[in-house]
Amino acid sequence: MSRYFITTPIYYVKDAPHVGHAYSTVNADALARWHRLVGDDVFFLTGTDEHGQKVARAAEEQGMAPLEWTDQLSPRFAEAWAGLDIANDDFIRTTEPRHRVAVQQFLSRINDNGYIYKDTYRGLYCVPCERYYAADELLPGGFCPDHRIPLEELEEENYFFKLSEFQQPLIDWYAAHPGAVVPEPKRNEALSFIKGGLHDISITRTSIDWGVRVPWDDAHVFYVWYDALINYVTAIGYGQDQERFDEWWPSVHHLIGKEIIRFHCVWWPAMCMAAGIDPPAHVQVHGWLLLGGDKMSNSSVNRISPAELTEEYGVDPVRYHLLRDVPLGSDGEFSAEGISARYNADLANNLGNLLSRVTTVVGSKCDGVGPAPDPDSRLAGVAADVLAETTAAWDAGAPHLALESTWRLIHETNAELETAEPWKAEPGPAVDAVLGSALEVLRLVAVLVVPAMPSTAREIWRRIGLSGAPADQRLPAAGVWGGYPGGLAVEKGAPLFPRRKD
RNA sequence: GGCGGCGUAGCUCAGUUGGUUAGAGCACACGGCUCAUAAUCGUGGGGUCGCCGGUUCGAGUCCGGCCGCCGCUACCA
């Protein structure tokens, strides 16, 4: 049995969960579910990032202690994921004691290894932005690009991480691990950044105390990014359960958005090297959901909550749309028209209608008892091809291709029914063979759509009379043609996906 | 400015190392069917493959130039 450790970014609690967060999380969930289906030992991690100045400031405005404040915010993410049928194995909060311990151990290790030193950071600071700007980011005259105000030169005593020492080691590591970051253009982006020269970065702050305390110097807390990245190893027992840690690291799959490439593909692997562990084996970078051409992001007004969408379209259709219409790696347009069109074409017309017509004809020609499939059906070959393609697509991190392939099987089955016309024939072996094969396809489809639409998979499974749950099936064994036993009561239910009129 | 990517049917995109009439899905039109959620099945229309030039027997696929769009070029998460 192989292990599959997949992570989402941990989401900054300052913002409400939106569809952009959901996109990452649903993709990670689908990949996790696929790997469970093929029998891998899966650990799927998500969570919330809760330290930093912005959170502290917001809490203060609410008249609350920071932890009291994030105790209210973090569950909103957990609830959003529950509402999308996300089956994460752990939900980490950076405010948990286990994380504080891990961060302190991880960074103490880096410190012990000689990669941290104390120095003064000097930079141009924008107070409203709460951040430093590099000189070439500024408007002419030295103004903040957002606020158009002059910046203050500030100095702060910080601990620095010797990132500069990892330029060559990172270049060498990426050369030895060409598939570590996908898709390739993103890998090149990370690499060109590294090759452009790395300088040391400050990793602690004294101006705030909402963070993980630096164990060797009480006046400092770690800068929020430095604490956040470490969540990935906290959750698998870093510094607390060495055996468990060794089982899961470094063969992790980090799923991230393209805006945080630098942190995951430069800082994080360097930190790992400095701490004496291997860098993460896989980083898969995805694009953004665009709404009318604009990024759906934390700050913009165009955010949509996952709950609004699932209320309108249903949980599985939202999951399906996110997985099917936005290939991992490129940006995708998210629109009501898009999701509606996909819903009607793929879910209502193809899949839902196939289930309806098959269960109806089984009712009229077989007294509602599903017959066994035809071992020599043309569909057996199609199913074998589709299983191979679907498997290859998930392995390649391409859910949209996996689903596209599965829908080819649905299409071929609809076509097969047109040819055989069992509704015209007298009951008998010929009709049984056709309908049994169609039921077998529905069984296979139920298994193959588990990663994308877990509830739908269960419902199809139940209606064609099978017991247990499709998620408990194991591929490739369950994908072999002929698994539908026949002799089961088939239920003609209400349409699985009622056609939408918009 | 530097580095990188993109521009193929109305829409979203696929197009291996250059090779017969450039593909898919959706949308559209026509035909079949009527078991099914007016669903389904089949057929078809539709593309100067951003522009110009070059290499080649032959280029969407290689080379040069141009136009348009986008990303990265470090301390916001």
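Each chain gets a letter, A, B and so on, in the order the sequences are listed, and its residues count up from 1.
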Please list all pairs passing the salt bridge (charged side-chain N to carboxylate O under 4.0 Å, His left out) test where one or both residues lie in residues 400-416 of chain A, with sequence neighbours left out.
->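 Qualifying pairs: Arg324(A)-Glu404(A), Arg378(A)-Glu412(A), Arg378(A)-Glu416(A), Glu389(A)-Arg408(A).
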
Extract from the structure each pairing of a protein N or O with an N or O of nucleotides 12-17 of chain B at less than 3.5 Å, listing the distance.
none

RNA chain B stem ranges, 3 or more consecutive Watson-Crick or G-U pairs under 3.5 angstrom |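 The stems that RNA chain B takes part in, listed by first number, are B:1-7 with B:67-73, B:10-13 with B:23-26, B:28-32 with B:40-44, B:50-54 with B:62-66.
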
What pairs with [X] under ring-ring contact (aromatic ring centres under 6.0 Å, His included), at least two apart in sequence or on another chain?
X	value
Tyr23(A)	His286(A)
His177(A)	Trp173(A)
Tyr174(A)	none
Trp69(A)	none

With Lys492(A) via salt bridge (charged side-chain N to carboxylate O under 4.0 Å, His left out) - residues at least two apart =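 Per chain and number, Lys492(A) pairs via salt bridge (charged side-chain N to carboxylate O under 4.0 Å, His left out) with no residue.
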
Mind checking what makes salt bridge (charged side-chain N to carboxylate O under 4.0 Å, His left out) contact with Asp71(A), not counting sequence neighbours?
->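 Applying salt bridge (charged side-chain N to carboxylate O under 4.0 Å, His left out) to Asp71(A) gives Arg93(A).
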
Give me, pair by pair, the N or O atoms of the protein and of nucleotides 29-33 of chain B that are less than 3.5 Å apart, along with how far apart they are.
residue	atom	partner	partner atom	Å
G32(B)	N2	Glu418(A)	OE1	2.9

So which protein nitrogen or oxygen atoms get under 3.5 Å of nucleotides 3-11 of chain B's nitrogens or oxygens?
none

Review item, side-chain donor-acceptor pairs of residues 423-430 of chain A, under 3.5 Å, at least two apart:
residue	atom	partner	partner atom	Å
Lys424(A)	NZ	Glu421(A)	OE2	3.3

